[in-house]
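Residue numbering restarts at 1 for every chain, and letters A, B, ... go by the order of the sequence lines.
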Amino acid sequence: MAQPGTAEREERHDDHSAAHEADHQLGFWRRVVFSVDHKVIGIQYTVTSLFFLLFGFSLMMLARWQLANPGEALPVIGALFGASRMPGGVMLPEFYNQLGAMHGTIMVFMGVVPLAVGGFGNFVVPLQIGAPDMAFPRLNMASYHAYFWGGVIMLASFFVPGGAAQSGWTSYPPLSDIAPTGQTVWLVGMIFLITSSLLGSINFIVTIIQLRAPGLTFFRLPFFVWAQFVTAFLLLLAFPPLEAASFMQLMDRVAGTSFFLPSGLVVTGQALEVSGGGSPILWQHLFWFLAHPEVYVLILPAMGIIAEVIANNTRKPLWGYKALVYSVVGIGFLSFVVWAHHMFLTGMGTVMNAFFQTTTMIISIPSVIILTALILSLWGASMRFNTPMLFALAFLPMFGIGGLTGLPLGLSAADIHLHDTNYVIGHFHYVVAPGTIFALFAGIYYWFPKATGRRMSETLGKLHFWPSLLFMNGIFFPMLIQGMAGMQRRLYDGGASYSHAQDVLWWNDVMSWSAWGLGLTQVFFIVNFFWSLKKGAPAAANEWQATTLEWSAAPSPPPHGNFAVQPVVYRGPYEYSVPGMERDYLPQDDPSETAADTGSGHGLPDPVPAE
Amino acid sequence: MSEQHAVDHGAHHDHADVDRHVRVYVLVFVALLVLTVVTVAISYLDLPTGPAVALALFVALVKGSLVACFFMHLISEKKLILWVLALTVFMFLGVLLGPWITDLDQVKLFGT
Amino acid sequence: MTVLTFPGLPELASAHGGELDALIGYVHWLMFALFFAWGAFFLFLLVRFRKKRNPRADYYGLRTHATSYAEIGVALAEAILLVGFSIPLWSARVDALPPEDEAVVARVIAEQFAWNVHYPGADGLFGTTRVELVDSQTNPIGLDNADPAAADDVVTLNQLHLPVDRPAILHLSAKDVIHSLGVPEMRIKQDAIPGLTIPVWFTPTMTTAELREATGRADAQYELVCNQLCGIGHYRMKGFLTVETAEEFQAWLASQAPAEGAGDGFWG
Amino acid sequence: MTTAAIPYTVEPRPDTGLNNVKLGIWLFLASEVMLFGALFASYILLRVGAPPGTWPEGATILNVPLATLNTAVLISSSVTMVMAWASCMKRDLGKFRLYMGLTVLCGVGFLIIKAIEYGAKFQHHLLPSTNTFLAIYFTLTGLHALHVIGGMAVNAWFWGPGSKMWHTAHQQFTNRVETAGLFWHFVDLVWIFLFPILYLL
Ligand code: HEA
Ligand code: HEA
Ligand code: CUA
Ligand SMILES: [Cu+2]
């Protein structure tokens, strides 16, 4: 609420601040912990969220043991979790539910979003638009700290009596209203995380609108910036309803209100002592009003990264830049009117049901267009298969599977059979794991040299990529098969006791082994990451012969203030292999003559949109 | 246009201009007080729910617009901000009416 | 049903399920077509336009917009699936309930972690149920004995019996938290939401015995599964659906001791 | 402090005609609109969902005269706020102090009256847990009160220590007062809707 205050305090120092005060004049705290430099904050976000990703993944590697071997003691480490979680190494159902709920929460709100938006957005956007920093550096720092403490609170919830939240990442009441203390902590944590995202989104929108370099019109923005721009609006307008809902659930839990509790509840034989009169469905509306846009928050920045990497490694302009931009904007709008496709089976009548099915089908079209444009961008390319490119290319079919499996879910009649089965789990993991996570890996391999001034090892990179691709499919494709057979999700026994699941049970082993294999594979990445920090080969300023400002106009790593001189932009973002130039890339800020004749592209597609 | 420009461009500002605005502020202030009395008065008529709600919301809407347009200077605000607000209004209506309309189409509501 | 029916679906044992399976089939074949078409093209591009094969990239790339037609095609296909199948199927589920006198009507009241089934009995009237009367052991649904309509009511735990080839209407509700009743073979699923009572209907076309033949598993059975996370026992919230001939069904119903307790009830 | 010199913190960017803070505050208000929007949506859903006759009319429980007074207080604070800003424009520090001071005082008054209302409710054991109407009443007004406190804090700062900038960077100070004003008017605006919805309907 004190945000305007923050905004005020924001630029109080700016006017006094000397343009390029060097970092090393500051102590450790100012430089690292309380830095207001977007690059430092971006790296803070990146490292923190990578840690959370690994943690969230570990939760599921643990849960997958129980799914593969229901009721069997987990050797060696099992016992370490204590009698309240895994007595004698055997996992308790309540702990399994905690793992599921926290995995979802951590991956979405503490892993992917902070990495994609907080990490890449913070580090790359100002550089790509030729800005010295974010518009509100102090606010930026505040966002990170809100995120950090939100994360700490979430982790702490594992240690409160009764353990962490265990009502799913969706936290549907009444279950979540009557759940143990962990749920309260979850709500508080969420409020921190939401606040962080809100402050961040304001910062991004203002930065992108106000701080673009001279000549950098909207249709000259790198696609990544567009993706971040739309994402910021989704966060800005979709998160507040969940914040409101979290307040209400908090009231239900601590102040005894009945926002989500109807009259006449009987829990374990006892009538619940509440006023009643609430509506459980209200929560679902408010939750999904956020959570559907949220899923596009998970994918749009990823698509942005993919576009950058593909353009750079095909050495040619993206195919249909404008179509991409319009599609991403269209997705942004539409994502606010499809939320109830998660609620088809709450007793919806035909009319609203038809409405939400239709919007859901419509929103799939822009995604098809984006995928198509990205694939067609490969035509006529001169592809370099370096590690970032490999992850970027793999993203396309993987997202394809994830997206396509969204269609049967979007058709409510088909959803009757598939709702809340592992098919849903398979669907969205294909988009978020081999989809988004791969895109994030691509981004790390791509921008690591810029951020650290050192290259990552290609060998380790490829050792990381191929097994990851294999195992990802090993985990998630079977989910589609199990779901098709009707196996429910969130089953502590992995479906072992169900008649209809018998034929597909054996897949559980495949999936679990793949998950552990995937975990092992990440060692290549972690080693590569830390080894390259120290020992990686020094990187050139424009390591990838790229056209966008972060590469062409700033050294690696960029100094405080980013650019020695304010870059000026003369053309669109992806002027690769321009005819009549022997150098195969023409940076946005290169004033050379060829600029003129590539001004607004000739022929199809229009590579540099007309101004 | 109004003093907005002057402010934005930090140019020097002629007081007469401000004074004109101050007069407007006072008028708006009076209008708001009157309308407040009006809403309360209406509520004592105990109209049937429908009209009562409509009327109360209408008055509130008028009051709100007065504050937004004059105190918050929206009438003379930059296009960009009006666009942001237009988008917001769209989403606001979405979150306000979406759940309700969906709920009206419930297969069966118990107790109602 | 048709050649288009998609592999990997569970046995089909309900009248409406065929159309539903067809829809799932059609959309998946569409998905396959798209994926493999794009996939093949994608692989071709990877080979054809690798650096070794194509040292210098072409600034203009593909010069046709033919793909726009592909996109329009996808849109059309989706529109057909939507208007031609999904929407009608859905309205058949929620709007076209069979008349109650032609159907077997029962209430299913979900609780952590069991399914209470309540038959109206011979008089076809559900006895009154009231929260105050609920006793987790003796009277799980709070049936009011005082109500004459309750006298012949049958209340069972996790046991739903239905006659084959006769429509069944289940009035679904919940006592505590949200559950979701599913019977995969019947292609039905419906959330059970406290405070609401939602009807779900279907016509079983295959008895449990026939199911066992079809699957070749002596232990195969229809199960009432819970699809919505409802607490620590969610995974074991399982009931049993026995589909049998009309005679067998009547016999079973008679054999059930009329539950104590009974007009119109709290649970719907 | 090190921050690179960030453009358009005071003077507007030519093509948008806005400075960063102005755009920032409006975006923040946009998110606030969605926050209260969701709560209003909840109000609607709970009210139409309530079994007939179970939803109490606000007036029967709540104190309309007090709330009317409070509305007047908040409206006045809005006009004094905008006057304070006008005084910045006219570079009249004395008037600025006066109006800003009044604004803060009105805020205090509003909170006191609210506190009295709350107290009365609690005495009669009318708590958030009593029924969903009171639940949404306390949630909405409580959240609104938090906003009032936040706005007051900012305003008080400009009235006191913050006003140092009056001489050092007048234009920027004026912008900030305008920004704080926008937030304050929004808080007023929210109340303008809360009042009839909760008390009169
Ligand atoms: C990044 C996240 C993300 C994305 C992008 C999507 C995208 C889509 N989702 Fe998904 N969805 C989730 C994350 C996501 N979803 C999550 C997390 C859940 C579960 C929440 C929970 O319950 O816990 C969920 C659940 C979910 C449901 C609810 C299911 C249920 O609970 O019963 C539905 C229903 O309509 C749905 C539909 C869709 C649709 C139609 C799309 C469309 O936008 C997809 C459009 C894309 C395409 C159509 C692909 C096009 C590509 C090609 C054609 C080319 C192929 C390429 C090659 C071969 C190279 N999703
Ligand atoms: C962004 C979202 C996201 C992501 C990326 C993932 C990734 C993964 N998920 Fe997750 N999952 C969810 C969101 C996500 N999940 C949600 C919302 C649910 C539903 C929860 C609910 O039921 O309520 C769910 C549920 C869910 C289930 C079902 C649980 C159940 O139904 O009971 C399973 C089961 O296998 C699973 C497994 C996995 C696995 C193996 C991965 C793997 O792909 C993990 C991949 C991760 C990595 C490869 C880590 C990368 C990071 C590093 C390597 C760190 C390096 C560190 C440094 C360098 C410092 N998930
Ligand atoms: Cu009941 Cu899950
Ligand atoms: Cu969705």
Among C:L89, C:L30, C:L46, residue most engaged with chain A (heavy-atom pairs, under 4.5 Å): C:L46

Between C:N116 and C:E111: side-chain donor-acceptor atoms closer than 3.5 Å: yes

Backbone of C:L224 reached by a side-chain donor or acceptor of C:W115 within 3.5 Å: yes

Parallel, tilted or perpendicular, as decided by the 30° and 60° cut-offs, for the rings of A:Y498 and A:H500: tilted

Per-residue contact mode, A:F385 against chain C (heavy atom under 4.5 angstrom): side chain

Carboxylate-amine/guanidinium proximity below 4.0 Å for C:D21 and C:R187: yes

Under 3.5 Å donor-acceptor, A:K316 side chain and A:S377 backbone: yes

Part of A:S279 within contact of chain C (heavy atom distance under 4.5 Å): neither

Per-residue contact mode, C:F44 against chain A (heavy atom under 4.5 angstrom): side chain

Most chain A-contacting option - heavy-atom pairs closer than 4.5 Å, from C:S91, C:A192, C:A92: C:S91

Backbone N/O of A:V504 and side chain of A:Q482: donor-acceptor pair under 3.5 Å: yes

Engaged part of A:P262 at the chain C interface, taking heavy atoms whose separation is under 4.5 Å: side chain

Donor + acceptor pair across side chains of A:D584, A:S577 (<3.5 Å): no

Chain A contact via C:L229 - side chain, backbone, both or neither, heavy atoms under 4.5 Å: both

Side chains of A:S382 and C:N54, donor plus acceptor under 3.5 Å: no

Polar contact flag, side-chain donor to acceptor under 3.5 angstrom, C:Q190-C:R93: no

Contact class of A:Q270 relative to chain C, heavy atoms under 4.5 angstrom: neither

Chain A-proximal positions within residues 208-220 of chain C [heavy-atom distance under 4.5 Å]: C:R217, C:D219, C:A220

Heavy-atom contact with chain C under 4.5 Å, split by part of A:N353: side chain

Proximity breakdown for A:T170 and chain C, heavy-atom pairs closer than 4.5 Å: neither

Test log, rule side-chain hydrogen bond (donor to acceptor under 3.5 Å, both in side chains), inputs A:Q357 and C:S86: CA-CA 9 Å; A:Q357 288 188 65; C:S86 193; 2.6 Å; yes

Flag, side chain of C:Q221 to backbone of A:S499, donor-acceptor distance under 3.5 Å: no

Chain A interface, residue from C:L82, C:V94, C:L23, C:I87 that has the most non-hydrogen pairs under 4.5 Å: C:L82

Polar side chain donor-acceptor pair, A:N312 to A:Y576, under 3.5 angstrom: yes

Which portion of C:P194 sits near chain A, non-hydrogen atoms under 4.5 angstrom: both

Contact origin within A:L92 toward chain C - heavy atom pairs under 4.5 Å: neither

Per-residue contact mode, A:S167 against chain C (heavy atom under 4.5 angstrom): backbone

Proximal component of C:Q112, with respect to chain A [non-hydrogen, under 4.5 Å]: side chain

Pick from C:N227, C:I193, C:D58, C:V27 with the largest number of heavy-atom pairs that fall under 4.5 Å of chain A: C:N227

Residue pair A:N422 / A:R489, side-chain donor-acceptor N/O under 3.5 Å: no

C:R130 side chain to C:E132 backbone, donor-acceptor under 3.5 Å: no

Chain A contact via C:F41 - which portion, at a heavy-atom distance below 4.5 Å: side chain

Contacting region of C:Q228 [heavy-atom separation from chain A under 4.5 Å]: both

Proximal component of C:H28, with respect to chain A [non-hydrogen, under 4.5 Å]: side chain

